[in-house]
Protein chains: 2
Amino acid sequence: MSLKYVILTLINQAPSTGYEINKSFEKKIGYFWHASHQQVYQELAKLKKTEMLTCEHAPQTDKPDKKVYSITVKGRDELKKWLHQPLPDKKYKDILLVRLLSADLLPIDTLCEQIKETAEFEQRRLGEFLHIQKNCYSDEQKKHLSDLDKRLFINMKKGILLAEAEITWAKEALETLQS
Amino acid sequence: MSLKYVILTLINQAPSTGYEINKSFEKKIGYFWHASHQQVYQELAKLKKTEMLTCEHAPQTDKPDKKVYSITVKGRDELKKWLHQPLPDKKYKDILLVRLLSADLLPIDTLCEQIKETAEFEQRRLGEFLHIQKNCYSDEQKKHLSDLDKRLFINMKKGILLAEAEITWAKEALETLQS
DNA sequence: ACTCCTTATGCATATAGTTGCATAATAGTA
DNA sequence: TACTATTATGCAACTATATGCATAAGGAGT
């Protein structure tokens with residue numbers, strides 16, 4: 001339901017190809033939005049059909065041709081409308097917490113293993129975030145960030161805080177389970 | 001993909017009706033799993049057809065009749081198998097962070113309003129968690145919890161940590177945006 | 001009496017998202 | 001020469017989830 005607007009947001013920043021949007025989902029914004037490449041291409045086709053985007057065929061000699069999408073006035077209006085709408089409820093889905101309920105079927109050791117793996121994953125993610133934050137945002141730079149950079153900084157901060165919360169939880173959970 | 005196993009988990013704890021499972025999603029486990037009532041009823045029908053559950057019709061005089069589902073051996077085996085499988089990647093979706101990217105279309109004030117509302121929502125949730133934790137788990141009680149109670153306690157802890165992270169983020173975000 | 005809430009279940013339709021497969025050019029490596 | 005990776009796009013079929021509507025009995029409030 002929101003993928004449409006996520007894509008409009010990205011193309012509003014700069015005209016892009018489906019491939020570039022997919023790369024964004026894999027890297028840059030992967031930690032706060034996810035979509036598969038098929039979903040992106042399908043959504044782009046829909047957005048073109050409903051005239052939210054225009055598409056320009058860009059031939060390339062060294063690589064396969066690509067399609068560059070740009071946002072239309074109609075698309076930008078639609079996006080603007082959505083931005084002002086109230087936020088829908090968050091729909092939490094945490095498989096680890098579900099598994100924790102199956103006390104009788106899942107041995108504690110296996111469960112702890114899964115918690116440790118999750119914590120390690122979050123630890124790696126946190127490391128990447130902190131690395132970027134150190135390299136891209138010195139204390140000096142932080143004082144005169146552009147509006148957009150400010151917002152990107154804030155976004156990463158959320159990634160950091162959530163990863164830290166996951167790691168803290170994992171530690172406490174392991175302690176409690178093993179006591 | 002996992003709803004199937006969430007439902008099996010709940011029915012494995014005790015035979016239940018669709019209505020009770022829906023209530024769980026609204027209240028008890030709503031903060032770590034979500035599903036609509038239609039989805040639950042449809043999934044129950046599927047699980048019955050594939051013999052993961054059995055169903056018993058329970059007539060009532062004062063209220064509408066209900067259907068009580070119980071897990072089968074096959075269902076429990078299937079659940080056990082799933083519990084041992086590696087956890088799939090988490091698929092983050094955070095609309096607020098997407099909206100933050102639309103610097104040029106969303107005025108700072110509107111954005112701050114949305115952040116404040118989110119923070120208030122999380123604050124209420126946090127309040128509920130802390131209330132339950134205080135009333136149900138005194139320091140004395142914590143020393144001799146059953147295995148299942150331990151796990152429930154850990155689950156709530158995650159809710160608390162994540163809500164706190166959201167609130168901390170919101171405060172910092174508001175400060176940065178308004179500076 | 002009338003209306004609204006809770007209990008209890010479900011169908012039909014639509015949209016969102018996944019999985020598997022397919023194509024095709026170029027560049028690097030074994 | 002054969003394989004593998006990157007760039008670039010997409011169809012078809014499926015499953016998951018959402019939306020809107022429907023039914024029906026009892027209890028509480030006005």
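Reckoned from all heavy atoms, side chains included, excluding hydrogens, waters and symmetry mates. So that the names make sense, note that chain A is the first sequence line, chain B the second, and so on, each numbered from 1.
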Assign each of A:K63 and A:Q42 to its nearest nucleotide of DNA chain D by heavy atoms, then name whichever residue's nucleotide is nearer the 5' end. A:K63
Identify, between A:Q39 and B:Q60, the residue whose nearest nucleotide on DNA chain C lies closer to the 5' end. B:Q60
Inspect the contact between B:D147 and B:R151 and indicate whether a charged nitrogen and a carboxylate oxygen are less than 4.0 angstrom apart. yes
So, does A:S70 use its side chain to make a donor-acceptor pair with the main chain of A:V68 at under 3.5 Å? no
Any donor and acceptor pair, going by atom type alone, linking the side chain of B:Y31 with main-chain N or O of B:M156 inside 3.5 Å? yes
Base D:dG20 paired with B:Q38 side chain (donor-acceptor, <3.5 Å): yes
Nearest to the B:P64 side chain among C:dA25, C:dA8, D:dT9, which nucleotide is it? C:dA8
Close approaches to DNA chain C from residues 90-100 of chain B, in residue order (heavy atom, under 4.0 Å): B:K91, B:K93
In whole angstrom, give the distance that lies between atom CD of A:E43 and atom C1' of D:dG10. 15 Å
If I take atom NZ in residue B:K66 and atom P in nucleotide D:dA25, what distance separates them, rounded to the nearest angstrom? 18 Å
Looking at D:dG10, I'd like to know if its phosphate oxygens (OP1 or OP2) sit under 4.0 Å from a side-chain N or O belonging to A:Y41. no
Heavy-atom side-chain proximity of A:L152 to A:D149 below 4.5 angstrom: yes
Looking across every strand, which nucleic acid part, if any, lies under 4.0 Å from B:K4 by heavy atom: base, sugar-phosphate, or nothing? nothing
Quick one: B:K46 NZ to D:dT15 P, roughly how many Å, whole number? 8 Å
Can you tell if the side chain of B:I160 reaches within under 4.5 Å of the side chain of A:W169, non-hydrogen atoms only? no
Using whole Å, what does the distance between atom C1' of nucleotide C:dT9 and atom NZ of B:K48 come to? 13 Å
Less than 4.0 angstrom from a charged side-chain N to a carboxylate O is my criterion; do B:E166 and B:R125 meet it? no
Would you say the side-chain atoms of A:T72 pair up with the backbone N or O of A:M52, donor to acceptor, closer than 3.5 Å? yes
Is the backbone of B:S179 close enough, under 3.5 Å, to the side chain of A:K150 for a donor and an acceptor to pair up by distance? yes
If every non-hydrogen atom of B:Y41 is compared with every non-hydrogen atom of B:Y19, which pair is closest and at what distance? OH-N, 3.7 Å
What are the residues of residues 8-34 of chain A, sorted by number, that bring a heavy atom to within less than 4.0 Å of DNA chain D? A:T17, A:G18, A:Y19, A:K23
Would you mind reading off the distance between B:H37 atom NE2 and C:dT7 atom C1', rounded to a whole angstrom? 12 Å
